[in-house]
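To start, the structure under review is shown below, and the notes come after it.
When reading the values below, keep in mind they use all heavy atoms of this one structure, side chains included, and skip hydrogens, waters and symmetry mates. Just so we're on the same page: letters track the sequence lines, and every chain starts at 1.
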Amino acid sequence: MSPNAKPIRRLLLPTGALLGAALVGIQFIHPPLENPPVTGDFQAPVAVKSIVQRACYDCHSNQTKLRWFDQVAPVYWQVTDHVKQGRVGLNFSTWQSLPPADQKAKLWESVNQILAGAMPLSEYTLAHPEAKISAQEVAVLKQYVASLAKNPAADTAKLNDADRQYRHWQPGAAKPAAVPVAPNGIAYLPDYKNWQAISTTERFDNGTMRVIFGNDVAIKAIREKHINPWPNGTAFAKVAWDQLADAEGNVRPGAFKQVEYMLKDDHQYAATKGWGWARFKTPKLVPYGKDALFTTECIRCHQPQKNNDFVFTQPLSH
Amino acid sequence: MKAPTIALGALLALSACTQNQVPAGQLNEAASLPPSFNFSKLGLRVLSTFVNRRQATTATLYGNDLARQAALGSPGATQPGEVLALLTWQQQPDPNWFGARIPGALQSLELLRTRPASAGQPVVSYQCFVGKNLVLKADTLHQHARIAYLLAQKPAVLP
């Protein structure tokens with residue numbers, strides 16, 4: 001129709017041939033994906049383990065089974081990348097090397113990732129529909145992790161821990177010689193104690209209780225209901241303590257575990273989803289993380305809340 | 001051992017359908033205080049937090065500087081000018097985290113103030129506001145027990 005139609009058709013064949021040749025060519029770029037030995041496999045009741053094996057093991061174990069279509073580049077490149085990242089975050093083949101508390105935390109986090117629809121990855125289940133987890137199977141997983149949560153009355157060790165900490169804690173007095181700084185450069189902010197509480201959480205998955213504080217910017221945003229996204233300058237501090245329960249079921253805060261910060265600045269922290277992340281553990285406020293890459297852990301856990309500016313807390317106004 | 005497991009299973013099966021993400025950008029309205037109460041104007045700081053497993057409630061204790069100093073001191077160190085406030089909510093499952101409970105319906109706000117007395121111990125006044133709108137409760141039953149409870153609480157460690 002148009003005067004250009006003919007030259008385009010004339011170009012079609014060589015372009016197609018070139019693309020075909022390229023597709024064949026890239027098959028030779030095939031970095032190997034090894035299955036390292038299984039050193040301590042995940043143990044759980046059969047009903048639980050079979051779901052986990054079927055839905056998670058391709059990316060979260062050393063027993064990855066690639067189908068033929070996974071092996072075709074460029075899909076193969078993405079698949080190997082997913083598997084490598086998946087194993088770093090969670091590997092059921094080296095499960096026994098994790099301390100029991102970390103194992104439990106990983107399982108609760110995994111169930112929450114599934115509940116939020118973040119896992120298994122939708123691009124994975126698109127090609128591997130057999131990895132999808134049904135509502136019934138989710139219930140099995142929930143029941144299993146719930147059976148791992150035990151919140152007994154506090155024992156002497158826990159009570160002693162709390163007492164010792166309380167005796168050594170002199171608010172306003174003993175300040176650390178230098179302000180602790182997380183590996184990504186974020187310093188501990190002592191002022192969080194003067195911020196307002198925006199919520200509390202009882203975590204029966206790990207036996208802690210928490211208060212979430214918000215600074216003035218956060219409180220103003222809550223009052224004006226402008227919290228998605230949160231404005232730059234917003235700061236949250238989440239404090240966690242051991243639960244100390246008595247025989248009547250009254251629970252109070254025991255030993256201080258940690259304070260965690262989220263500081264909003266979509267320019268300064270653009271590389272980490274617009275938030276600066278930090279965690280300081282024990283009353284000595286020991287910075288968490290070996291290097292600045294610790295934030296990948298924060299982001300991975302908060303990822304299911306990406307439509308909520310990565311914030312789990314649903315704030316209340318005072 | 002078996003019965004609690006089955007009960008837990010049944011409970012989870014019931015709650016399975018209610019697992020929903022909170023719509024993005026929303027406040028926890030049920031737990032929020034009426035703006036007219038102006039709680040933040042009291043200028044109090046968080047002292048501690050509590051859970052009652054039997055009643056499925058959660059509470060946050062607030063105090064001014066004097067109340068904090070007194071709570072840190074030895075029992076009976078009450079002085080005039082203290083303000084303590086205890087907010088209590090019914091708990092609800094955290095819709096964003098299976099494994100957590102957060103404040104649900106606002107249940108009460110208890111407010112304690114100490115005033116100078118002509119002789120001896122300071123005078124303690126106690127008020128209890130209840131419900132979503134924090135209406136002042138006329139009933140004074142259990143007031144003495146509540147005053148004793150509030151004055152006995154230690155602050156949580158906040159380094």
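- Within residues 231-240 of chain A, the residues having any heavy atom closer than 4.5 Å to a heavy atom of chain B are A:V239, listed by residue number.
- Between A:E202 and B:R53, the closest side-chain pair of non-hydrogen atoms falls below 4.5 Å.
- A:K193 contributes a side-chain N or O that, together with a main-chain N or O of B:P159, makes up a donor-acceptor pair within less than 3.5 Å.
- Contacts with chain B were tallied for A:L244, A:T201, A:D309, A:V211; A:T201 has the most, counting heavy-atom pairs under 4.5 Å.
- Here the CD1 atom belonging to B:I102 is positioned 5.5 Å from the CD atom belonging to A:Q314, to the nearest 0.5 angstrom.
- Between A:D205 and B:W97, some side-chain heavy-atom pair lies under the 4.5 Å cut-off.
- Heavy-atom pairs under 4.5 Å with chain A peak, among B:K41, B:Q55, B:Q91, at B:Q91.
- Summarising the geometry, atom OG1 belonging to A:T200 is positioned 12.5 Å from atom CZ belonging to B:R101; distances are rounded to the nearest 0.5 Å.
- Around atom NZ of A:K273, no more than 12 heavy atoms belonging to other residues, nucleotides or ligands sit under 6.0 Å away.
- There is no contact between B:L44 and chain A, counting heavy-atom distances below 4.5 Å.
- Residue A:F280 does not touch chain B at all, counting heavy-atom pairs closer than 4.5 Å.
- Using the six-membered ring where Trp is involved, A:H318 and B:F39 have ring planes that are tilted, between 30° and 60° apart.
- Chain B forms more heavy-atom pairs under 4.5 Å with one residue of A:E109, A:E248, A:M209, A:K225 than with any other, namely A:E248.
- Using a 4.5 Å cut-off between heavy atoms, A:A255 makes no contact with chain B at all.
- Between B:L72 and A:Y166, some side-chain heavy-atom pair lies under the 4.5 Å cut-off.
- Rounding to the nearest 0.5 angstrom, the gap separating the OG1 atom in B:T49 from the CZ atom in A:R210 is 12.0 Å.
- Interface residue B:Y62: only side-chain heavy atoms are found under 4.5 Å from chain A.
- Residues from residues 122-135 of chain B never place a non-hydrogen atom less than 4.5 Å from a non-hydrogen atom of chain A.
- Ring planes of B:F98 and A:W108: tilted class, angle from 30 to 60°.
- Not one N or O on the side chain of A:N307 forms a donor-acceptor pair closer than 3.5 Å with the backbone of B:A24.
- Of the two parts of B:P155, the backbone and the side chain both hold a non-hydrogen atom closer than 4.5 Å to a non-hydrogen atom of chain A.
- Considering only heavy atoms from C-beta on, B:V157 stays 4.5 Å or farther from A:P253 through its side chain.
- Taking every heavy atom of both residues into account, B:A100 and A:R203 meet most closely at CB-CD, 3.5 Å.
- By the 4.5 Å heavy-atom criterion applied to side chains, B:P103 and A:L316 are counted as neighbours.
- Only the side chain of A:V145 comes within less than 4.5 Å of a heavy atom in chain B; its backbone stays farther off.
- Here the side chains of B:V51 and A:Q243 are not in contact, with every heavy-atom distance at 4.5 Å or above.
- When side chains are defined from C-beta on, B:L158 counts as touching A:W241, because their heavy atoms get closer than 4.5 Å.
- More than 12 non-hydrogen atoms from other residues, nucleotides or ligands lie less than 6.0 angstrom from CG of A:D266.
- Considering OG1 of A:T313 and CG of B:D94, their distance stands at 8.0 Å, rounded to 0.5 Å.
- Within the 3.5 Å criterion, the main-chain N or O of A:N250 finds no donor-acceptor partner in the side chain of B:N52.
- Atom CD of A:Q136 has 12 or fewer neighbouring heavy atoms from other residues, nucleotides or ligands inside a 6.0 Å radius.
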